[in-house]
Amino acid sequence: MLVLGVAVALVVAGCGSGGGKLGAKALAEQSKALQALAAEGALLAQDAGAGKTTRIFTRVHSADLHKAAAQAAASLKAAKTEPALMPKLRRLQGLAVRIRGDLERLGGAAKNQAPALGRDLQAAAQASKQIGASLE
Amino acid sequence: MSLKNVLGVALGILSAIGGFVDIGDLVFNTQAGAVFGYQLLWVVVIGVVGIIVYSEMCGRVSAVSKRPVFDLVRERTGFGAGLATLIASSVVNLMTCAAEVGGVAICLQLLSGLPYRALIALAVVGLVVASWVLPFTWIERVFGYLGLCLLVFGVAAIKSHPGWGHVAHGFVPGSHAGGSLMVYGYFVVGLLGAAMTPYEVYFYSSGAVEDRWGLEQLKLNKVTAIIGYSLGGILSFALMIVAGALFLPAGIDPQFLGTPALAAEHVLGQVGLLLALVGILFAVGGAAIETSFSGAYNVSQFFGWRWGKKERPAAASRFTLSWLIIFALALLVVMSGYDPVKLTEYSVIFSVVTLPLTYLPILLIANDRTYMGSKVNGKLANVLGVVYFAIIIAIAVAAIPLMVLTHGGKG
């Protein structure tokens with residue numbers, strides 16, 4: 001019974017995370033997810049620039065963030081939405097690509113390059129937040 | 001009490017503090033703080049009191065009857081109900097063990113930069129060797145003491161300058177802001193589940209039998225449960241406060257095990273980062289061993305096999321084989337590529353569903369004079385036990401619907 005419950009719940013909980021046609025709510029969720037990744041990357045980059053972290057931690061953790069950003073970018077690229085929301089979807093697609101690129105570069109960035117990446121990620125987080133707010 | 005006894009109690013408390021936090025606490029406390037700030041601190045208090053109440057009962061039952069809880073569960077509830085409890089607890093134990101093993105591999109990767117999959121295998125080998133070689137007390141203490149590095153989150157919480165008025169307000173249940181009521185409910189369930197995981201009480205009671213507790217250990221049982229878990233709860237507060245102070249304003253959603261360490265790093269620099277990673281490594285490593293042993297204890301006690309870490313492996317061969325199989329299955333689950341953080345969320349929520357099966361027999365046995373003689377529950381233990389059982393039933397019913405409706409707390 002429990003095993004069956006686990007299986008059903010896993011399947012149900014996994015639903016709704018694919019591409020498909022996105023409404024305003026789903027787009028707002030995507031923008032929130034992008035904001036979270038960019039903000040976390042910005043914090044990491046800021047610490048890397050300030051010498052607060054280790055190179056290994058920066059490389060491994062930024063790789064995790066990059067992987068999640070790449071998934072978000074792929075999901076947004078495949079997504080469709082209603083015509084009125086297309087401009088926002090396009091902006092989110094662009095932001096996802098930018099965040100993905102910044103996070104990829106952060107893994108191998110020198111200490112003096114990290115602050116610039118941090119600022120760009122912070123700006124991307126802010127832009128994602130604004131898009132999300134306009135969709136709610 | 002002699003100095004030696006005081007030292008023994010102090011060491012036991014220290015290992016209880018260090019061993020309090022597992023991957024479930026790390027994930028749920030940090031995520032709750034990132035979404036609701038300090039508003040759910042009161043839930044941690046309820047969870048900590050709950051685990052104190054039932055661990056004390058478990059330890060007392062073991063000390064008085066000289067038998068572990070699962071042995072008595074089968075005898076008291078019969079084969080059918082006992083088997084259902086065994087199956088449910090085994091599934092949850094395996095999920096939790098897999099999540100903890102994944103957590104160990106992630107920490108090793110964040111410390112070494114080596115490939116994740118190789119580190120999963122290394123983690124399992126290391127945990128098996130530690131479980132095999134170290135005596136029971138040393139397993140508890142080595143992992144418990146090194147888990148104390150997590151106290152770095154207490155320092156980080158203070159140095160992140162949270163609004164202490166808001167923090168104090170978080171200890172009072174009330175209205176919420178920052179997420180929907182259902183997401184709030186999901187985190188209430190998750191935080192209680194993370195604090196009251198069934199494997200902890202099974203491990204605690206079997207450990208009491210392994211350590212040959214008797215009536216003279218009843219005070220030690222009470223002191224260890226109350227002080228150890230209470231102080232361990234401080235780590236949970238610290239995780240939530242740090243997340244509320246740093247992640248909530250930035251809109252960070254902690255989906256990785258490295259994210260809590262990032263908080264310690266941001267506030268305290270490289271020393272904070274390394275202490276956080278070492279603390280997480282040993283906290284989740286210790287919990288991985290506890291879950292594998294807990295599963296082996298349950299199976300062995302249910303079927304009446306010879307069991308115990310203090311037995312020679314050949315003498316308790318089926319017990320030894322059981323915990324080795326649990327590690328092997330955990331290895332397969334994590335190697336399949338399932339995200340340990342997601343696995344943690346599921347394991348905590350499903351452990352909530354099994355909580356009544358774990359805690360009802362304990363409550364019944366602790367009240368049964370046949371087993372307990374004059375050491376049955378007092379009025380306070382019974383009132384708390386019944387109140388907590390009602391809470392457990394409520395959250396067990398709500399757990400899976402809330403997980404599905406909120407998409408695992410995402411709203």
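In what follows, chains are A, B, ... by sequence order, proteins preceding strands, each numbered from 1. Computed over heavy atoms, backbone and side chain alike; hydrogens, waters and symmetry mates excluded.
Within the model, atoms CG of A:Asp64 and CD1 of B:Ile106 stand 7.0 Å from one another, a figure rounded to the nearest 0.5 Å. To the nearest 0.5 angstrom, B:Glu265 atom CD is 6.0 Å from A:Leu44 atom CG. From A:Leu65, atom CG reaches atom CG of B:Leu262 across 8.5 Å, with rounding to the nearest 0.5 Å. Interatomic distance, OG1 of A:Thr54 versus CG of B:Leu277, reported as 7.5 Å (0.5 Å rounding). In this structure, CD in B:Gln270 is found 6.5 Å from OG1 in A:Thr53, a value given to the nearest 0.5 Å. In this structure, CG in B:Asp253 is found 8.0 Å from CG in A:Leu37, a value given to the nearest 0.5 Å.
Contact annotation for B:Tyr116: neither backbone nor side-chain heavy atoms come within less than 4.5 Å of a heavy atom of chain A. In this structure, chain B has a heavy atom under 4.5 Å from the side chain of A:Ala68, while its backbone stays farther away. For a residue to count as touching a neighbouring chain, one of its non-hydrogen atoms must lie under 4.5 Å from one of that chain's; by this rule B:Leu110 touches chain A with backbone and side chain alike.
For A:Lys52, the NZ atom sits in a packed shell: over 12 heavy atoms of surrounding residues, nucleotides or ligands are nearer than 6.0 Å.
In this structure, the side chains of A:Glu29 and B:Lys410 stay at 4.5 Å or more apart for every pair of heavy atoms. Between A:Phe57 and B:Leu111 the shortest side-chain heavy-atom distance does not fall below 4.5 Å.
A:Ala39 and B:Ala250 get closest at one heavy-atom pair: CB-O, 3.3 Å.
The residue among A:Gln122, A:Lys129, A:Arg59 with the most heavy atom pairs within less than 4.5 Å of chain B is A:Arg59. Interface check for chain B: of the options A:Gln46, A:Arg55, A:Gln126, A:Gln35, the most heavy-atom pairs under 4.5 Å are formed by A:Gln35.
Side-chain polar atoms of A:Glu40 and B:Thr259 form a donor-acceptor pair below 3.5 angstrom.
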